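Worth knowing before you read on, the calculation uses all heavy atoms, side chains too, and leaves out hydrogens, waters and symmetry mates. Because the structure is predicted, anything quoted here is derived from the model rather than measured.
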Amino acid sequence: MNIGSLISALPGAIAQGLIWGVMAIGVYLTYKVLDMADLTVDGTMATGGAVCVMMMLNGANLWVALICAVLAGMIAGLVTGIFHTAMGIPAILAGILTQLSLYSINLAIMGFKANQGINVRNYHLLVSSRNVKAIGIQNPIFTMIIVTALLIAVLYWFFGREIGAALRATGSNEHMSRAQGINVNRCKIIGLMISNGIVALASALFAQYQGAVDVNMGRGGIVIGLAAVIISTVLFGKVFHNFAMKLLGVSLGAVIYYIVIQIVLWLGLNTNLLKLLSALVVAIFLAIPYWKGKLAKGAKNA
Amino acid sequence: MLDLINLRKTFNPNTINEKVALNGVSLHLDDGDFVTMIGGNGAGKSTLLNAIAGVWQVDSGKIIIDGNDITGLSEHKRAPWLGRVFQDPMMGTAATMQIIENLALAKRRGQRRGLKPGVTKAEKDEYRELLATLGLGLENRITEKVGLLSGGQRQALTLLMATLNKPKLLMLDEHTAALDPRTAEKVLTLSDQIVKENHLMTMMVTHNMKDAIRFGNRLIMMNDGKVILDIRGEEKKNLTVKALMDEFARASGEEITSDKALLS
C-alpha cells in the first residue's frame, strides 16, 4: 500500500464530502429539526442533477439551471408533504412513494436515458473534479466552502425568524405548536420543501462535479446524509451548540465520512461492498443512544 | 363569554369500544367566570376541554366564544382565543427550544408568522421581567433549553405562555396533577393570581375536591358525559367536601366511595 496514493485521493474525497455535506444539511433539517425521516431525498439527489444537466445541455445559463434544480427539489418535497399531511400517509412511506415516482420522472427528464454527461470543457460549470488539485478559485473545494458558508448563513437567518421558529417548534412538540396556533401541517410541508431544495442543489453540484448525472446517483443518499449527521453528533455534539455550528458540524461530518471511505478503499475494500459498510455503520451509531438509554434504565432499576 | 350548546361526542362508534364521552353538554360562562370542574375518571372533563380546543371535532353541538362560532375550526385556528395548560408538563412547551423562544412563540399566537425576528431585543427584557414575577429564578436562565427545567418550572412557564396574550378562555387540565404537593400548591396559587389579575374566564379540571371548592366562583361536576351539578356564588363558598360527595351520590345515583380519584 502506497500512502502517496491515499494522499493524492484526499482532495477528491474532501470535495465530494463538501458536496454531500450540503445534501446532509438538507437531511439534518428533516431528521433533526422536523423529527421526520424523509426518504424522498434518494430521488431528489438525482432530480437536481438531471434538471441542471439537461437544462445546460439545452443551452440554459448555469445559474438558471441551478435555480430550476432547486425548484424541482422543492416540488418533490411538496409532493411528499401533501402525501403526508393531506393524505395521512406516514412520513416514511410518503417519502418512499415520492422517491419511487421520482425514478420515472428523473428518467423522463433525462430523455429516458440512465445517464447524461456534461463536459467541463464545453460548459461553464461551478465545480468539476478536473480542478480538484488546481490552485485558485476554480478548485471545487474552495467553491464548495463558499457555497456551504452561504447556505449555513441563510438557514441560520431563516430559522431565527418567526416562521423558522414555528418550524422548529413543530419538530420539537406538535401538541404545543398547535396550542400556540401554529399550522403544523404547513410547517412540515415548508420544511420538506426546503430540505429537498437543498438536496437538489447538492445533486446539481454533484452532477457537475462528476461531469454526468446518473439516475442511480441518489440511491442510498439518505444513509450517507444520516451518517454525516450522526458523525457530527458523536464528534461535535458536546461542543457545537449554536445552530450554525451544528450545520457546519454536519458538513464536516460528510467530509469525514468521505475521507474514511477513501481510507477503507485504500485498505483494499471491494467498492461494491461500500453500501453494506455504510448501512452497518449507520445502524450501529443509531443504536448507540438506544443502548445507552437501556443501560441507564437498567442501572436505575437495579 | 362562552356558550357550549348540546355538545355530543362518541368515540369508536358502532364498535365494541364505543364510548359516549359527551352526552349533550350545555354550559354558559360569563366573562371572568372561574369554573372548577370535578368528576370521576371518564366523566368527560378533559374530553370537554379537548372539544373546546378542537383536538378533534364534536359529533354535534356548537361552541361559541365571544359571539364567534368556532365549532368547525381546526385546533390551530382556535388557538387565538384559548390558553391551555396540560396535565403533562412535557406537553405545553418545546423542550429543545430556549425559554425566551417558547415565550416568543406564545406571544405570536393568533398572528401570522413571517420573516420578522423570532425573538426581538425588546421582548427579551419584557420576558425577563415577566419571568421574575414567578420567583423561580428563571429570569437568569432565559436562553436555556426548556428541557432542562423541572416539571413545576415547566408548568409555570406554560401558564405564563397560555396567558401572555390574554386569552378569552384559559383551560387548565389537571395542570398540577403530575407535580409534588408543594410545587402543585405553588403553581395553583400562581394560576389563581394570574386569573384574578387578568380577569380571565377560566375552566380548571381538578381531582382535588378541596381545590375545587377553594378556587373559582363556580363549580361544575360531570358524570357520564353530562354536567350533573353547577354551583356558584355564596352556595359554592359554603361548600364542604362532605356536602359535595353527598351531592355526587344524589345526582349520579352512585356511591362515590367506589371512585378513589374523587377522594384524593
| query | Who among Glu75(B), Met97(B), Lys116(B), Arg84(B) has the most heavy-atom pairs with chain A under 4.5 Å? | reply | Lys116(B)

| Greater than 12 external heavy atoms within 6.0 Å of Lys186(B)'s NZ | no

| message | Between Arg112(B) and chain A, with a heavy-atom cut-off of 4.5 Å, which part of the residue counts as in contact: side chain, backbone, both or neither? | response | backbone

| note | The interface call for Ala106(B) against chain A, heavy-atom contacts under 4.5 Å, is both

| query | Going from NE2 on His199(B) to CD on Glu197(B), what distance comes out if it is rounded to the nearest 0.5 angstrom? | reply | 13.5 Å

| said: Atom CZ of residue position Arg141(B) - does it have more than 12 heavy atoms of other residues, nucleotides or ligands inside 6.0 Å? | reply: yes

| remark: Rounding to 0.5 Å, atoms CD (Glu123(B)) and CD1 (Ile100(B)) come to a distance of 8.5 Å

| Which answer fits Pro80(B), side chain, backbone, both or neither, if we ask what part of it has an atom under 4.5 Å from a heavy atom of chain A? | neither

| Part of Thr93(B) lying under 4.5 Å from any heavy atom of chain A | backbone

| note | Rounded to the nearest 0.5 angstrom, the CG-OG1 distance for Leu7(B) and Thr71(B) is 7.5 Å

| So what's closer than 4.5 Å to chain B heavy atoms on Phe159(A): side chain, backbone, both or neither? | neither

| task | Against chain A, label Glu101(B) side chain, backbone, both or neither, depending on which of its atoms sit under 4.5 Å from a heavy atom there. | result | side chain

| said: Quick check: do Leu192(A) and Val79(A) have side-chain heavy atoms less than 4.5 Å from each other? | reply: no

